[in-house]
Visitor: 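Take this structure, written in structure tokens, and hold onto it; I'll ask about it next.
Heads up: numbering here begins at 1 and tracks the sequence.
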Amino acid sequence: MAREFLLPDIGEGLTEADIVQWLVAEGERVEADQPIVEVETDKAVVEIPSPYAGTVLRHGAAEGDTLEVGAVLVVIGEAGETVPQAVADATDVAAAPPIVGTISEDAEVLDAAKPASPPRAAGVKALPVVRKVARELGVDLATVTGTGPGGQVTRDDVEAAASSRPATQAPPRETPQQAVEPDIPTPHPPASAPDSAASRRVPMTRLRRTIAANMSKSWSEIPHVTTFDDVDVTRLLEVRDALGRRHETKIPIEALVVKAALPALDAFPEFNATVDGDELIMHRNHDIGIAVDTAEGLMVAVVDDAGGMGVLDLAAEIRRLGEGARSRTLTPDELTGQTFTITNIGAVGGGHGTPIVPPGTTAILSVGRARRKPLVYGDDIVIAPVMPISMSYDHRVIDGAMGRRFISLVIENLGEPALFLAG
């Protein structure tokens, strides 16, 4: 008997997802709990397993299409079984090609007119979302030289390949015909103008759309205040190097910044909170978001209960989350729920910045790249590594004096790691 499997809610408040790649084709056998499809949610690319064993009778949507939660994802039954008409009608809109020709008993079903999808070359290394962008831009991944780790093709590689094509080879775009008055020049092309030699239109990925929505929400709802300072990190870098040598592992600077911030979060719980109407929810756990720069955009991976971890465990978890964010293999739970956020813009050469407070939190701490600068200690001038730090906070909850006290405690801890490592 044919059974429908509806797209489940695999994240907090998920309403829809993009079909990135079908892992089992129509007509093929699938086992229970076998991954059947890759979908992209607002932040993650996840595999969804089949709840049933049987033959895939119908996909609920084509690769690249968007499917709402609760819609038919796939129909599974016995080999040769006919899909019930009601189920077929539900999936035809997204998956079936149009009927072309005369309305008669022998009308032909033709393939939908769309750019040909390049074959999935086994030798090409690319994330599913990059393959999706390649399909949208009509780029054959087999012809693209990857600049990512291990020769992986990145989104930038695909877009560069698309932009390097002659304008006559760009994928055609359908635009509605518009009546134009004769002899009246149009000084500027309309906003909906098709691709040309001077410009091209590239759809934003689901992740980039999510980033845009979150940034807009934060900026429009939270009155931001940003404070800046510098800290001598001579001792911090010495301790980092010593820990790395003793334990033969790399200690991300973010791990030490998290440990330095934890005592301040305990002392000033307003920085580890969420505004809910006229109330402030003070979080007991310190679930620290770590901003990760990926090929697809900025992602925030979450270290659950960072306050209960030692430096080495925290370092290992930050490394794991960073690798998972860049490969888009983290689960939705690992990308949501932070109570405070740390971003290391120094990793890309940044100094001071004006970080935006993520929705649902009240503050974010940014650290820049440490550079050797002259500092005055009493009557002496010394050259030391100086780390720029910036902190934005929600002025509805945190006043300027509290903001300075918080960042002063963080600076004190960063300047002498013994103060937080002894705790």
Side-chain angles (χ1 to χ4, degrees), residues 227 229-240 242-244 247 249-275 280-292 300-322 334-347 355 357-358 360-368 370 387-394 397-398 401-423:
T227 184
D229 219 314
D230 296 296
V231 56
D232 180 348
V233 290
T234 301
R235 288 279 297 128
L236 186 77
L237 297 182
E238 289 174 348
V239 167
R240 179 193 187 196
L243 286 171
H247 300 283
T249 186
K250 182 178 180 181
I251 307 294
I253 195 67
E254 294 90 340
L256 295 176
V257 175
V258 169
K259 296 295 288 185
L262 289 172
L265 293 173
D266 285 333
F268 303 97
E270 292 86 353
F271 288 79
N272 195 60
T274 298
V275 176
L280 193 61
I281 302 173
M282 304 288 199
H283 301 292
R284 292 188 177 89
N285 281 1
H286 301 108
D287 299 328
I288 307 299
I290 304 296
V292 182
V300 177
V302 181
V303 180
D304 287 335
D305 194 17
M309 294 184 178
V311 173
L312 296 182
D313 289 339
L314 187 56
E317 180 67 356
I318 289 174
R319 288 196 304 269
R320 183 189 73 82
L321 290 171
E334 294 172 313
L335 296 166
T336 55
Q338 73 267 31
T339 59
F340 181 79
T341 304
I342 289 173
T343 177
N344 177 15
I345 63 175
V357 179
T361 66
T362 58
I364 179 173
L365 178 67
S366 168
V367 296
M387 174 186 287
I389 60 176
S390 316
M391 186 181 67
S392 296
Y393 53 87
D394 188 337
V397 178
I398 300 163
M402 183 186 294
R404 283 309 312 173
R405 286 193 288 268
F406 179 94
I407 201 168
S408 294
L409 182 51
V410 173
I411 290 171
E412 185 179 4
N413 290 343
L414 289 173
E416 179 45 74
L419 295 174
F420 63 81
L421 290 177

Visitor: State, to 0.1 Å, how close Pro358 and Thr341 come at their nearest heavy-atom pair, and which atoms those are.
Guide: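 For Pro358 versus Thr341, the nearest heavy atoms are CG-OG1, 3.5 Å.
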
Visitor: Who pairs with Glu238 by side-chain hydrogen bond (donor to acceptor under 3.5 Å, both in side chains), at least two apart in sequence or on another chain?
Guide: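 Glu238 satisfies side-chain hydrogen bond (donor to acceptor under 3.5 Å, both in side chains) with no other residue.
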
Visitor: Let me have the donor-acceptor pairs involving side chains of residues 308-320, under 3.5 Å, with sequence neighbours excluded, atom names and distances please.
Guide:
residue : atom : partner : partner atom : Å
Glu317  : OE1  : Arg320  : NE           : 3.1
Glu317  : OE2  : Arg320  : NH2          : 2.9
Arg319  : NH1  : Thr249  : OG1          : 3.4
Arg319  : NH1  : Lys250  : O            : 2.5
Arg319  : NH2  : Thr249  : OG1          : 3.4
Arg320  : NH1  : Glu334  : OE2          : 3.1
Arg320  : NH2  : Glu334  : OE2          : 2.9

Visitor: State, yes or no, whether a side-chain contact exists between Glu270 and Thr362 at a heavy-atom distance under 4.5 Å.
Guide: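 Of all side-chain heavy-atom pairs linking Thr362 with Glu270, none is under 4.5 Å.
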
Visitor: Where is the tightest heavy-atom contact between Met282 and Ala273, given as atom of each residue plus distance?
Guide: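 Minimum heavy-atom separation between Met282 and Ala273: SD-CB, 4.0 Å.
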
Visitor: When you measure from the side chain of Thr274 to the backbone of Gly360, do you find a donor-acceptor pair of N or O atoms at a distance under 3.5 Å?
Guide: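 It does hold such a pair.
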
Visitor: Set out, in order, the CA-CA distance, both residues' side-chain angles and the distance that settles side chain to side chain contact (heavy atoms under 4.5 Å, CB included) for Asn344 and Ile290, then state yes or no.
Guide: CA-CA 8 Å; Asn344 177 15; Ile290 304 296; over 6 Å; no

Visitor: What residues, two or more places apart in sequence or in another chain, satisfy side-chain contact (heavy atoms from CB on, under 4.5 Å) together with Ser366?
Guide: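 Once residues adjacent in sequence are excluded, the partners of Ser366 under the side-chain contact (heavy atoms from CB on, under 4.5 Å) criterion are Thr343, Ile345, Pro355, Ser390.
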
Visitor: Got a sec, which residues hit salt bridge (charged side-chain N to carboxylate O under 4.0 Å, His left out) with Asp229, two or more places apart in sequence or on another chain?
Guide: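 With sequence neighbours excluded, Asp229 shows a salt bridge (charged side-chain N to carboxylate O under 4.0 Å, His left out) to Arg404, given in chain and number order.
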
Visitor: Distance check, rounded to the nearest 0.5 Å: Ile398 atom CD1 versus Leu280 atom CG?
Guide: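 The distance works out to 8.5 Å.
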
Visitor: On a heavy-atom basis, which atom in Val233 and which in Ala370 lie closest, and how many Å separate them?
Guide: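 Looking at all heavy atoms of both residues, the shortest contact is CG2-CB, 3.9 Å.
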
Visitor: Applying side-chain contact (heavy atoms from CB on, under 4.5 Å), can you list everything that pairs with Asp230, at least two apart in sequence or on another chain?
Guide: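 Applying side-chain contact (heavy atoms from CB on, under 4.5 Å) to Asp230 gives His352, Val386, Pro388.
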
Visitor: To check you understand the geometry: which heavy-atom pair defines the closest contact between Arg235 and Pro417, and what is its length?
Guide: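 Heavy atoms of Arg235 and Pro417 come nearest at CB-CD, 3.7 Å.
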
Visitor: What pairs with Gln338 under side-chain hydrogen bond (donor to acceptor under 3.5 Å, both in side chains), at least two apart in sequence or on another chain?
Guide: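 Partners of Gln338 by the side-chain hydrogen bond (donor to acceptor under 3.5 Å, both in side chains) criterion come out as none, since no residue qualifies.
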
Visitor: Atom OG1 of Thr227 and atom CD1 of Ile407: how far apart are they, to the nearest 0.5 Å?
Guide: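 So the OG1 of Thr227 and the CD1 of Ile407 are separated by 5.0 Å.
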
Visitor: Step by step, work out the side chain to side chain contact (heavy atoms under 4.5 Å, CB included) result for Leu236 and Ile253.
Guide: CA-CA 9 Å; Leu236 186 77; Ile253 195 67; 3.8 Å; yes

Visitor: Identify the heavy atoms of Leu335 and Ala301 that sit nearest to each other, and give their distance.
Guide: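 For Leu335 versus Ala301, the nearest heavy atoms are CD2-CA, 4.2 Å.
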
Visitor: Apply side chain to side chain contact (heavy atoms under 4.5 Å, CB included) to residues Val292 and Leu321 and explain how you reach the verdict.
Guide: CA-CA 9 Å; Val292 182; Leu321 290 171; 5.9 Å; no

Visitor: In chain order, what residues pass the side-chain contact (heavy atoms from CB on, under 4.5 Å) check against Leu409, with sequence neighbours excluded?
Guide: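 Leu409 satisfies side-chain contact (heavy atoms from CB on, under 4.5 Å) with Ala264, Ala267, Phe268, Glu412, Asn413 once adjacent residues are dropped.
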
Visitor: If I take atom CG from residue Leu414 and atom CG from residue Leu365, how far apart are they, to the nearest 0.5 angstrom?
Guide: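 Answer for the CG-CG pair, Leu414 versus Leu365, is 7.5 Å.
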
Visitor: Quick one: list whatever passes side-chain hydrogen bond (donor to acceptor under 3.5 Å, both in side chains) with Thr339, sequence neighbours left out.
Guide: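 Per chain and number, Thr339 pairs via side-chain hydrogen bond (donor to acceptor under 3.5 Å, both in side chains) with Asn272.
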
Visitor: Can you list everything that forms a side-chain contact (heavy atoms from CB on, under 4.5 Å) with Asp266? Sequence neighbours excluded, please.
Guide: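 Once residues adjacent in sequence are excluded, the partners of Asp266 under the side-chain contact (heavy atoms from CB on, under 4.5 Å) criterion are His286.
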
Visitor: Quick one: ring pair (Phe, Tyr, Trp, His ring centres under 6.0 Å) partners of Tyr393, sequence neighbours excluded?
Guide: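 Counting only residues at least two positions away or on another chain, Tyr393 forms no ring pair (Phe, Tyr, Trp, His ring centres under 6.0 Å).
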
Visitor: Could you go through Val257 and Ile389, starting from their C-alpha distance and side-chain angles, then the distance that decides it, and tell me whether this counts as side chain to side chain contact (heavy atoms under 4.5 Å, CB included)?
Guide: CA-CA 11 Å; Val257 175; Ile389 60 176; over 6 Å; no

Visitor: Within the 4.5 Å heavy-atom criterion, are Met402 and Phe271 side-chain neighbours or not?
Guide: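 Yes, close enough: below the 4.5 Å cut-off.
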
Visitor: Once side-chain hydrogen bond (donor to acceptor under 3.5 Å, both in side chains) is applied, do any residues pair with Asp232, and if so which ones, sequence neighbours excluded?
Guide: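 Here the qualifying residues are Thr234, Tyr377.
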
